[in-house]
Amino acid sequence: MATTRITDVVIPEVFNPYVVQRTMELSALFDAGIAQRTPEFDRLASQGAKTINMPFWGDLSGSDEVLTDSGALTPDKIAANQDEAVILRRGRAWGANDLAGNLAGDDPMLAIADLVAAYWARRLQATLISTLKGVFADSTMSGLVHDISAGTGGAELISATSFIDANQKLGDAKGQLTAVAMHSAVNAYLAKQNLIDYVHDSEGSPAVPTYMGKRVIVDDALTASSGVYTTYLFGVGALAYGEGNPVAFVPTETDRDSLAGEDYLINRKTFILHPRGVAFQSASVAGSSPTNTELENDANWARVYEVKSIRIVQFKHKIGS
């Protein structure tokens, strides 16, 4: 009796672009505009290198001068600096039996692709949280940390006032902050106070939760430590994203162990998920690409943009009952 196997329904040339697009649709990072994919970062992620250098010009500074007919203006210079992004190389393989219960419906390939895309959407957010842990552990980012967790008498709790103070870390650039990522317990605490609003669009899409006008992303990977929660505020495009396709790279393939009667689906990703303006230092990376644990190492990060240009704020606080 003939049976349909993964090799019969997964066509890599169709499967992989669908997974990439569907991953972006499922991830709140892209839906909220925090991460932005560009052709340039796709190109950079395809390079045969561990990291990518991105030079940039610094801002102009100094005071203007009064014009006079008895002297010349004093020329100043513009300084160059360099951001650096790391290329992440990840992969995962699944056996057919793990997927068999989900291969229902008219198009089993799309069923498989949706499962894989949902998996990668979760892993992208886990990678981001590890990155943020490392970034904000670095001393150069202290100006973007609002920590009230040591307060007492309610001063340690997230509130409208303390949230405004966290926004103020960007000063007159705080209008760039448009989204906030928080643990579900923080979200529930704010919801109990009727502080979470839901915005409906004109097309009848699911309501979008907001807090003080900012899109809410709920992720339980933002776990508390000794009752202290870490919440992040983001601006549009705070993260640069690119999907790479290096030479000889095989993003999707299938295999079969005939003796065991087992089919396999292998999916690989080469990508950049980079907080703009915080350069990767490669100070502690054992392999060809950093693990999430290595991304959490503060020695691997250093701020190179001015504080107001980073568009990410870390807010440490507690919640009430």
- By side-chain hydrogen bond (donor to acceptor under 3.5 Å, both in side chains), which residues pair with D147, not counting sequence neighbours?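 So D147 forms a side-chain hydrogen bond (donor to acceptor under 3.5 Å, both in side chains) with S149.
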Are [X] and [Y] linked, directly or through other ILVMFWY residues, by side chains that come within less than 4.5 angstrom of each other?
| X | Y | answer |
| --- | --- | --- |
| L132 | V145 | yes |
| I319 | M212 | yes |
| V19 | L26 | no |
| Y305 | I34 | yes |

I'd like to check [X] versus [Y] (side-chain heavy atoms, cut-off strictly below 4.5 Å). Are they in contact?
| X | Y | result |
| --- | --- | --- |
| T161 | I164 | no |
| V285 | F280 | yes |
| L222 | Y229 | no |

- Message: Please identify which of these residues, I87, T51, L295, meets the side chain to side chain contact (heavy atoms under 4.5 Å, CB included) condition with P290.
- Response: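 The passing option is L295.
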- Item | Worked verdict on Q125 versus D219 for side-chain hydrogen bond (donor to acceptor under 3.5 Å, both in side chains) | CA-CA 8 Å; Q125 293 192 187; D219 195 325; 2.8 Å; yes
Between [X] and [Y]: side-chain donor-acceptor atoms closer than 3.5 Å:
| X | Y | answer |
| --- | --- | --- |
| T210 | D197 | no |
| N292 | R90 | yes |
| S130 | T127 | no |
| T223 | H183 | no |
| S184 | D220 | yes |

- Verify the neighbour count for atom NZ of K50: are there more than 12 heavy atoms of other residues, nucleotides or ligands below 6.0 Å?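 Count not over threshold, so no.
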- For residues 29-39, which residue pairs qualify under salt bridge (charged side-chain N to carboxylate O under 4.0 Å, His left out), counting only residues two or more places apart or in two chains?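 Residue pairs with at least one partner in residues 29-39: D31-R215, R37-D42.
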- Item | Summary of salt bridge (charged side-chain N to carboxylate O under 4.0 Å, His left out) pairs that have at least one residue in residues 15-29, sequence neighbours excluded |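 Every salt bridge (charged side-chain N to carboxylate O under 4.0 Å, His left out) pair that includes a residue of residues 15-29, provided the two are not neighbours, is R22-E25, R22-D114.
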- Which is it for W94 and Y119 under the ring pair (Phe, Tyr, Trp, His ring centres under 6.0 Å) test, yes or no, and what are the steps along the way? CA-CA 12 Å; W94 294 273; Y119 169 81; 5.3 Å; yes
- K133 and Y232: which non-hydrogen atoms are nearest, and at how many Å?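 Smallest interatomic distance, heavy atoms only, reads N-OH, 4.1 Å.
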- Query: What are the two closest heavy atoms between M182 and V186, and how far apart are they?
  - Reply: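 Nearest pair, atom of M182 first, then V186: SD-CG1, 3.9 Å.
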- Item | Within the 6.0 Å centroid threshold, strictly below: F271 and F41 |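 No.
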- Could you give me the CA-CA distance, side-chain angles and deciding distance for T252 and N267, then say whether side-chain hydrogen bond (donor to acceptor under 3.5 Å, both in side chains) is met? CA-CA 5 Å; T252 301; N267 196 216; 3.0 Å; yes
- Message: Looking at Y189, I'd like to know if the NZ or CZ of K192 sits under 6.0 Å from its six-membered ring centre while staying within 45 degrees of the ring's axis.
- Response: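 The answer is no, since K192 fails at least one limit relative to Y189.
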